[in-house]
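Shown next, in structure tokens, is the structure this report addresses.
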Amino acid sequence: HRPPPTKFAALRNEIRSPTLSFLMEAHDGLSAKIVEEAGFRGIWASGLTVSAALGLRDSNEASWTQVLDVLEYMADATALPILVDGDTGHGNFNNVRRFVRKLCERGLAGVCLEDKLFPKTNSFIGDGQPLADIDEFCGRIKAGKDSQLDDDFVLVARVEALISGLGMEEALRRAEAYHRAGADAILIHSKRSTADEIFAFARHWAGRAPLVIVPTMYYATPTELFREAGISTVIWANHLLRSAIVAMRETAARIAEDESLVRVEGRVASVKEVFRLVGNAELEQAEKRYLPAK
Ligand code: SPV
Ligand code: MG
């Protein structure tokens, strides 16, 4: 009988296994539970959606400890491993060291760091954002790996060269440097509507380290093609928050218009369902055990 893998080992297995893995976005404890119930094996704690759920922009407006608090609720809410969108690492190598230690202490299984500058800007805004110096970013990667408190903690290095218009050669050069610096996987990002440059990168990369992708913009690409290209992990990066926005807006509009709940009641989760999701049944059992009998 083998003990269950730690969350760190579970994420490492997902990233390293030869079969295609999927990470589903969540942005708080409740959405993390919903990802788990849907049958996913890992979670992407998206910087964009954690920020947006706080009413903030994806520009490091929430302090990193405020984000850490959200991440702790998420880790507590689910048995699934969480890959944290660590943005740029919130500063230089020294900030990365403390950030990685705190993630490990709170049971976050991995972090993705992108080769940009603090404060970051979302990749889909503007064109040609300045990138970090390669050697400086490699220092962040090394510092992160040297600070992990569990051997299986996963550090994914994210290459923004294609997004920033610096071309395939620069993207490959950066990926190679980040791999040598100790990154466990490479996230190659693209904002094109087709996956051509992702597939070209994967061909050149030739499996030197696991590849992670985020097909938000090339969403129409059949998943089978990602499998054939040898991609390790697909991140569905923001779709729970985006679906929640549509649902919440529709419900708010209907109640505002009707001044009544009649048309809405059958279309929203029941109060009982809310109780179930957050585990009220367990509390009832605990009360029987710990409260004095009446
Ligand atoms: C996120 O989900 O915050 C990401 C992915 O970093 S993207 O928005 O595509 O940059
Ligand atoms: Mg992000």
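Order of listing sets the numbers, starting from 1, for every ligand and every atom in it.
The tally of protein N/O/S atoms under 2.8 Å from the Mg ion (ligand 2) stands at 1.
For atom 2 (O) of ligand 1, the closest non-hydrogen atom of the protein is S46 OG, 2.7 Å. Residue, atom and distance of the protein heavy atom nearest to atom 7 (S) of ligand 1 are H189 NE2, 3.7 Å. Among protein heavy atoms, the minimum distance from atom 8 (O) of ligand 1 is reached at N122 ND2, 3.1 Å.
Under the 3.5 Å distance criterion, the side-chain polar atoms of D85 are matched with a main-chain donor or acceptor of D87. With S164 contributing its side chain and Q129 its backbone, the two residues share a donor-acceptor pair below 3.5 Å. S232 places a side-chain N or O within 3.5 Å of a backbone atom of I15 that can act as its donor or acceptor partner.
Note: no N/O pair closer than 3.5 Å links F124 and ligand 1 by distance alone. By the 3.5 Å distance cut-off applied to N or O atoms, E114 is not counted among the residues near ligand 1. Of the polar atoms of V214, none of the N or O atoms is found under 3.5 Å from an N or O of ligand 1, judged by distance alone. Inclusion of W44 in the set of residues having an N or O under 3.5 Å from an N or O of ligand 1 is warranted. Not a single N or O atom of N238, backbone or side chain, sits closer than 3.5 Å to an N or O atom of ligand 1.
Across every non-hydrogen atom of T233 and E14, the tightest pair is OG1-O, 3.9 Å. Counting all heavy atoms, side chain and backbone alike, D58 lies closest to S51 at CA-OG, 4.1 Å. Heavy-atom minimum distance, K116 versus N122: NZ-C, 4.2 Å.
Checked against a 6.0 Å centroid threshold, the rings of Y178 and F137 count as neighbours. A distance below 6.0 Å separates the ring centres of F124 and H189.
Looking at E25 against ligand 1, nothing comes within 4.0 Å, counting heavy atoms. Only the side chain of R158 comes within contact range of ligand 1, with a heavy atom under 4.0 Å; no backbone atom does.
Note: the hydrophobic cluster containing W44 does not contain L113 (ILVMFWY, side chain heavy atoms under 4.5 Å, direct or indirect links).
The nearest non-hydrogen atom to atom 1 (C) of ligand 1, considering only T49, D85, I163, comes from D85.
Donor-acceptor pairing under 3.5 Å is lacking for the side chains of S46 and E25. In the model, E160 has a side-chain atom that pairs as donor or acceptor with a side-chain atom of S123 under 3.5 Å.
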Next item on the list: For salt bridge (Lys or Arg N to Asp or Glu O under 4.0 Å), just list the numbers for K288 and E284, CA-CA rounded to whole Å, side-chain angles, deciding distance to a tenth of an Å, and then say yes or no.
Entry: CA-CA 7 Å; K288 287 197 189 108; E284 272 172 40; 5.3 Å; no

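Contact atoms of ligand 1 toward A237: 2 (O) (distance under 4.0 Å to a heavy atom of the residue).
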